[in-house]
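Each ligand, and each atom within it, is numbered from 1 in the order the structure gives.
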Amino acid sequence: MRIEFHKHNISQQDIDNATEVMHSIFLTTGEQVSEFERKFSQYLGCRHAVGVTSCTAALHLSLLACGIGTSDEVITTPMTFIATANSIMHVGARPVFVDVEPKTGNINADLIEAAITPRTKAILPVHLYGQMCDMRKIRQIADKHGLAVIEDAAHAIEAMRDGVRPGELGDTACFSFYATKSITCGEGGAISTNNEEIAEKLERLRLHGMSKGAAERYAKKYEHWDMEMLGWKYNMDNIQAALLFSQLERIEQNWQRRENICRGYEEAFKDNKNVAYLTVLPNSKSARHMFTILVHPEKRDRVLWQLQEKGIGVAVNYRAIHLLTFYRQTFGYKRGSFPIAERMGDSTITIPLYPKLTDKEISYIVQAVNQVTSQCV
Ligand SMILES: Cc1ncc(COP(=O)(O)O)c(C=O)c1O
């Protein structure tokens, strides 16, 4: 059997929407982007959404819009994709890592205050695999110390914790529509915010700092534009937006299928002494972006390869990023700096999780994991 690591959920309706744009004259940022932004902010329950080309761009622009720059420090987690910390480097600031909670893999909010220095300007929590961080506690710490909060919600579109949604308590939240995300246009992203001033700044920053986008410049009588600040070229286009907005209509239905698959995995692995998995906290809705199993660090790669040999698409999300060459060499991090993230990074294996997985494929994966982990001793 061959089971792909991921299959997207783009439907004929989504393709028709994108095709319609391609038959029209206006391909870049315009009506469809505005429509997607309106629908996305409605779904999140926030005031503004700004469409960009990736979550990396969303993080970069959020840091700029919050005034983070050279020599500032931003507190974040080592248990994430490199985009999180790289975006901090992109504005000339320094990522300051804080270890994670063993139960969830999320930044341990109780350790944040000890990492705050006079240079700290922001906290950048990541809602790992879809389980939200303790945003109430993080907001409280940020307010006490006058810090911005930028949420990396790449995994967490559908999430909620203690009644709080991504972007509700953060100054901004950043989302990804990369190929493996729950809604996708291949590459894409968005920023949500309840702050009018930040939203306006983000709209400028995503397009070179220009005071008018193409839709505004050409819609009526030509209007001159000005450049008010230095921006980047990160604007989402109408083709991307058209692919996305009807996916939004099926987002909860697809989440429910992933939730059911995850519960099946948890049930199937609960008596396996060689496999652990992270916890979805009470009062939480995990977006269920990924399902990871944790095995003994010395066995991880063998289990990974044996699952691959059985035709199962697997991945490692993530090896703790402070141990990657660039971060080790730039900041002198060593093994032992953040032991919980390191252990998790050495133990983790991501198994397939998407609505198109069939019950037969799920049974095969469960059987393979239980068999391989009991043999690899
Ligand atoms: C936690 C996290 N943050 C940020 C990103 C970057 O997203 P993008 O590929 O849209 O730039 C990813 C990508 O998968 C991610 O997993």
Run the numbers on His60 and Trp232 for side-chain contact (heavy atoms from CB on, under 4.5 Å), then give the verdict.
CA-CA 10 Å; His60 184 191; Trp232 271 256; 3.6 Å; yes
Ring centre gap for Phe97 and Phe331 strictly below 6.0 Å:
no
Can you name the residues that form a salt bridge (Lys or Arg N to Asp or Glu O under 4.0 Å) with Glu113, not counting sequence neighbours?
Lys144
Provide the full list of side-chain hydrogen bond (donor to acceptor under 3.5 Å, both in side chains) pairs with a residue in residues 356-369, sequence neighbours left out, each pair given once.
Arg257-Asp359, Thr358-Glu361
N-O pairing of Lys137 and Glu101 below 4.0 Å:
no
What residues come within 4.0 Å of ligand 1, counting heavy atoms only?
Ser54, Cys55, Thr56, Thr80, Phe81, Ala83, Thr84, Val126, Asp152, Ala154, His155, Ser176, Tyr178, Lys181, Gly188, Tyr318
Sequence neighbours excluded, which residues qualify as side chain to side chain donor-acceptor pair (under 3.5 Å) partners of Asp301?
none
